Amino acid sequence: MAVLAESGSNPDVDLLYDINGLAKDAPHWFDRVMEFVGEYGLLLAMVLLVLWCWWGVRRRGGEEAAPSVAALVWAPLAAGLAVLVNVPIRGFVERPRPFRDHQGLDVLVSGKDDFSFVSDHATLTMALGVGLFVANRRFGLVGIGLALLEGFCRVYMGVHYPTDVVGGFALGTAVVLLLSPLAMALLTPLMRAVERSPRVGRLVRRRTAPDVPVLPGARRSAEAGERDLAA
């Protein structure tokens with residue numbers, strides 16, 4: 001299909017060269033760090049952030065525990081669905097990687113022979129970030145920040161155009177928000193059922209020790225003992 005950026009005179013390519021040009025001036029060790037962070041590190045950080053949010057929701061409990069856990073379950077499901085939606089998009093657009101059409105790029109990752117639009121990494125991280133925002137705004141803002149950093153890394157590494165990243169952000173956000181009402185309608189009752197289960201209920205809410213009933217006579221004896229101590 002039509003290639004979205006063929007000329008070096010458009011803003012997309014200009015920004016690609018500006019951001020990727022930072023890699024040329026950076027130390028070799030810094031490029032290696034950016035390569036790991038952009039390829040694996042931020043995805044791992046997003047997974048850990050989702051788990052951290054789930055742990056906090058589980059410990060806090062309350063009536064909102066089940067809907068919050070349902071939103072956290074939806075986040076990775078939506079991210080996976082967004083990547084599946086991207087498969088036909090890539091095949092339809094057929095945009096080559098930027099280093100195939102433009103010379104002088106510092107490509108930090110080899111073996112990228114598939115199409116470029118849209119970025120899977122940007123799609124995954126933004127879907128997780130927006131999904132987190134649905135569950136918890138504070139964690140969601142952190143997740144969206146990590147997704148933005150992921151997009152920067154993909155352009156810095158020379159494997160995506162900026163518009164590949166923007167397209168990934170839009171795709172991940174759209175899948176999460178457009179299907180969120182249906183997903184929450186299905187997942188929230190399921191999480192409430194899990195919460196009531198004696199075996200797996202702890203996945204939704206931490207179990208608290210039941211109150212031990214106190215016999216009236218024992219309570220009076222304890223109160224008398226307290227008065228004697230006070231005297």
Side-chain angles (χ1 to χ4, degrees), residues 30-61 64-87 89-90 108-109 111-112 114 116 118-157 159-160 164-180 182-184 186-188 190-191 194-195 200-206:
F30 185 78
D31 284 349
R32 298 287 73 79
V33 170
M34 291 293 285
E35 176 187 346
F36 174 79
V37 169
E39 194 73 6
Y40 308 107
L42 287 171
L43 288 175
L44 177 60
M46 292 297 299
V47 172
L48 294 176
L49 191 64
V50 171
L51 292 175
W52 186 6
C53 185
W54 163 75
W55 186 259
V57 168
R58 174 185 170 275
R59 290 189 62 187
R60 187 167 57 250
E64 295 302 315
S68 296
V69 173
L72 290 173
V73 171
W74 169 235
L77 291 178
L81 180 59
V83 171
L84 290 178
V85 172
N86 189 30
V87 172
I89 293 176
R90 281 193 169 192
L108 302 186
V109 181
K112 298 293 183 180
D114 54 345
S116 183
V118 296
S119 168
D120 279 339
H121 282 72
T123 301
L124 275 170
T125 51
M126 186 56 75
L128 288 171
V130 175
L132 266 174
F133 188 82
V134 173
N136 183 290
R137 290 189 177 182
R138 183 181 62 178
F139 280 89
L141 289 175
V142 175
I144 292 172
L146 291 178
L148 295 175
L149 180 58
E150 177 68 62
F152 175 84
C153 288
R154 302 308 289 177
V155 180
Y156 180 94
M157 294 159 61
V159 295
H160 281 294
D164 297 338
V165 170
V166 174
F169 289 163
L171 177 59
T173 301
V175 170
V176 172
L177 296 184
L178 291 178
L179 298 181
S180 181
L182 175 61
M184 294 300 294
L186 296 174
L187 290 173
T188 300
L190 177 61
M191 291 303 106
V194 171
E195 184 181 15
V200 294
R202 295 180 181 180
L203 293 174
V204 177
R205 188 184 345 192
R206 182 180 61 174

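Below, each value reflects all heavy atoms present in this structure, side chains not excepted, and no hydrogens, waters or symmetry copies. As the structure is a computational prediction, the values presented were derived from the model and not from experiment.
Ala66 is linked by a side chain to side chain contact (heavy atoms under 4.5 Å, CB included) to Met191, Arg192, Glu195, Val204, counting only residues two or more places apart in sequence or in another chain. In this view, Arg138 satisfies the side chain to side chain donor-acceptor pair (under 3.5 Å) rule with no residue, not counting sequence neighbours. Partners of Val83 according to the side chain to side chain contact (heavy atoms under 4.5 Å, CB included) rule, which considers only residues two or more places apart in sequence or in another chain, are Asp120, Leu124. In this structure, the side chain to side chain contact (heavy atoms under 4.5 Å, CB included) partners of Leu149, at least two apart in sequence or on a different chain, are Leu42, Cys153. In this view, Asp31 and Tyr156 satisfy the side chain to side chain donor-acceptor pair (under 3.5 Å) rule, not counting sequence neighbours. For Thr123, the side chain to side chain donor-acceptor pair (under 3.5 Å) test picks out no residue, with sequence neighbours left out. With sequence neighbours excluded, the residues that form a ring pair (Phe, Tyr, Trp, His ring centres under 6.0 Å) with Trp52 are Phe139. Residues satisfying the side chain to side chain donor-acceptor pair (under 3.5 Å) test with Glu35, not counting sequence neighbours, are Arg32. Checked against side chain to side chain contact (heavy atoms under 4.5 Å, CB included), Ser180 has the following partners two or more places apart in sequence or in another chain: Trp74, Val134, Met184.
The distance from atom CG of Asp164 to atom OG of Ser116, rounded to the nearest 0.5 Å, is 3.0 Å. Atom CG of Leu141 is separated from atom CG of Leu146 by 11.0 Å, given to the nearest 0.5 angstrom. The CZ atom of Arg137 sits 11.0 Å away from atom CD1 of Ile144, with the distance rounded to the nearest 0.5 Å. Atom CG of Leu51 is separated from atom CG of Leu72 by 9.5 Å, given to the nearest 0.5 angstrom. Summarising the geometry, atom CG belonging to Leu179 is positioned 10.5 Å from atom CG belonging to Leu186; distances are rounded to the nearest 0.5 Å. With rounding to the nearest 0.5 Å, the separation of CG in Leu49 from CG in Leu44 is 11.0 Å.
Within the 4.5 Å cutoff, no side-chain heavy atoms of Glu150 are placed close to those of Val165. Under the 4.5 Å side-chain criterion, counting only non-hydrogen atoms from C-beta, Leu132 is not in contact with Leu128. Arg90 has its side chain out of reach of Val87: every pair of non-hydrogen atoms, C-beta onward, lies at least 4.5 Å apart. Residues Val109 and Glu39 have side chains in contact (heavy-atom distance under 4.5 Å, counting atoms from C-beta outward).
The backbone N or O of Cys53 sits nowhere less than 3.5 Å from a side-chain atom of Asn136 that would complete a donor-acceptor pair. Judged by distance alone, with hydrogens and angles left aside, the side-chain atoms of His121 form no donor-acceptor pair with the main-chain N or O of Arg154 at under 3.5 Å.
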Can you list, pair by pair, the side-chain donor-acceptor contacts under 3.5 Å of residues 168-175, counting residues two or more places apart and other chains?
{"residue": "Thr173", "atom": "OG1", "partner": "Phe169", "partner atom": "O", "Å": "2.8"}

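Residues Ala135 and Ser68 share a closest heavy-atom pair of CB-O, 3.8 Å.
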